[in-house]
2 protein chains.
Amino acid sequence: MDFNSDVYIKRLARYYRRLVHLRQYGVLRVSSEELATHIKISPSQVRTDLSKLGVGQSGYGYRINNLIAELEKLLGVDKRNNMILVGVGKLGQALLTYNGFSKYSFNFMAAFDINPQLQGETFGMLLEPVKSIKELPYYLATHKVSIAALAVDPESVQSVVDILVAGGVKGIWNFAPRFPEVPDGVVIENVHIQESLLKLSFRLEESRVENNLTN
Amino acid sequence: MDFNSDVYIKRLARYYRRLVHLRQYGVLRVSSEELATHIKISPSQVRTDLSKLGVGQSGYGYRINNLIAELEKLLGVDKRNNMILVGVGKLGQALLTYNGFSKYSFNFMAAFDINPQLQGETFGMLLEPVKSIKELPYYLATHKVSIAALAVDPESVQSVVDILVAGGVKGIWNFAPRFPEVPDGVVIENVHIQESLLKLSFRLEESRVENNLTN
DNA sequence: TAGATTGTTAATCGATTAACAATC
DNA sequence: TAGATTGTTAATCGATTAACAATC
């Protein structure tokens, strides 16, 4: 087991979300068995993953609060995370108005777009109106930004990434269907929604074939 | 190599998108080496993945058109795919107005929401205004729907899924942070955007620790 | 023919599971 | 103490890579 692999990190995030959910219902402890149900992970996998956190107690399970605390440290959710958004199209607006990030400590502080029509508008929890991309370098020089979300069109991705990197941004959350180049030390997470749809379509096709259906 | 695994399907989708991109620039053939660059996949992996498609030619590479044609069959993109949307919040609206799906044969035909204020409105390419969820069973009985996108709140996911399944929908593209139960034969793809953000945050945290930075 | 590049497979690498001793 | 459940590790399973003979 590699405590660095993509699959492992994905599971950590999943445990965390599940635990927060369970805590809402007043649950105080879980066994690996209980935690494993509903999240498509085996109990054995849960134990292997969580063992290094040192929170488990034989014969008892895991104290939810302790487990959450450890995971929050690992996931960097134990502190405030400032985000900015570049690209305020419909997808960008959806990100700004979605309130499912702030409960995990992530908040959009500012948003940037090239379209002058959008500049000056506000969305969601945004305290300041949308700014011009020209203001981005100055903003980065004067504010601490941990993550920049990117919802610009594919052609502009690399140039925006370059501005962000030059401005010292270390975390990039990219929604455009491209894989921009980033230097070492900059972490990029690509969310490729079209690929997700194609995956679904493949499995659908495959299951149609298995069942000899023509439609 | 398992020609059914999640990682393999993900790569197929990625090859396909890349090939369509290259074709736009008039490229007629690629080698595994060329196809592999820019998409974070090794040439060796490309050859293993594509070998069963029977399109490659020794000493020459792959004819882009042939490869695309084969992948389109596998991915079910060689025909029109009717989609509907349930849940027309900001995220739903972003999906409706995003025009990156239709070029891969996916089109939203109708959208449903419980909110009466939204009913009657139109978004993006939608031909008919947003309908009440009450109309969903009748719609499903009278139209062929291959994929239903779900952007409702987490509490409603399972009940909407039940309606969809009862109506014969075989493909569900779920954007709500839950894992609804579906019977065999129904394919579900979960897009968990919060987990994606948490993954990014974890790697950022990790890289901070590696570099002994406090911020 | 010479050069290029595939498809194949054995070797390697990595991830998951099963089983159970240790422990609360 | 008896029962429950962890953490550990060997075994298994699956995915990736490297190397090269086959082929165009």
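Just so it is clear: chains get the letters A, B, ... in the order the sequence lines come, proteins before strands, and each one is counted from 1.
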Please determine if [X] and [Y] form a salt bridge, counting it only when a charged side-chain N lies under 4.0 Å from a carboxylate O.
X: A/Arg14; Y: A/Asp49; result: no
X: B/Lys10; Y: A/Glu195; result: no
X: A/Lys79; Y: B/Glu205; result: yes

Starting from the 5' end of DNA chain C, give me the residue, A/Tyr60 or B/Tyr62, whose nearest nucleotide shows up first.
-> B/Tyr62
Quick one: on DNA chain C, does B/Gly61 or A/Gln57 contact a more 5' nucleotide (nearest heavy atom)?
-> B/Gly61
Spacing of [X] atom [atom1] relative to [N] atom [atom2], expressed in whole Å:
X: B/Asp6; N: D/dT16; atom1: CG; atom2: P; result: 11 Å
X: A/Ile39; N: C/dT16; atom1: CD1; atom2: P; result: 13 Å
X: B/Leu50; N: C/dT5; atom1: CG; atom2: C1'; result: 13 Å
X: A/Gln45; N: D/dT5; atom1: CD; atom2: C1'; result: 18 Å
X: B/Lys10; N: D/dT16; atom1: NZ; atom2: C1'; result: 15 Å
X: B/Glu33; N: C/dG7; atom1: CD; atom2: P; result: 15 Å
X: B/Asp49; N: D/dG14; atom1: CG; atom2: C1'; result: 14 Å
X: B/Lys52; N: C/dT6; atom1: NZ; atom2: C1'; result: 17 Å

In terms of side-chain heavy atoms of B/Val7, which of D/dT6, D/dA15, D/dG7 is nearest?
-> D/dA15
Taking the side chain of B/Ser58 as heavy atoms from C-beta outward, which of D/dA22, D/dT5, D/dA15 is closest to it?
-> D/dA22
Would you please classify the geometry between the B/Tyr98 ring and the B/Phe101 ring as parallel, tilted or perpendicular, with 30° and 60° separating the classes?
-> perpendicular
Which atoms form the tightest heavy-atom contact between B/Phe108 and B/Leu126, and what is the distance?
-> O-CD1, 3.9 Å
Examine [N]: is either OP1 or OP2 under 4.0 Å from a nitrogen or oxygen in the side chain of [X]? Give yes or no.
X: A/Ser5; N: C/dA15; answer: yes
X: A/Ser42; N: C/dT16; answer: no
X: A/Arg11; N: C/dA15; answer: no

Are A/His192 and A/Phe175 close enough that their ring centers fall under 6.0 Å?
-> no
Review item, nucleotides 18-20 of chain D N/O atoms under 3.5 Å of protein N/O:
residue, atom, partner, partner atom, Å
D/dA18, N7, B/Ser44, OG, 2.8
D/dA18, N6, B/Ser44, OG, 3.3

Watson-Crick or G-U wobble partner of D/dA11, both distances under 3.5 Å | C/dT16
Watson-Crick or G-U wobble partner of D/dT23, both distances under 3.5 Å = C/dA4
Are A/Asn81 and A/Ser105 linked by a side-chain donor-acceptor pair shorter than 3.5 Å?
-> yes
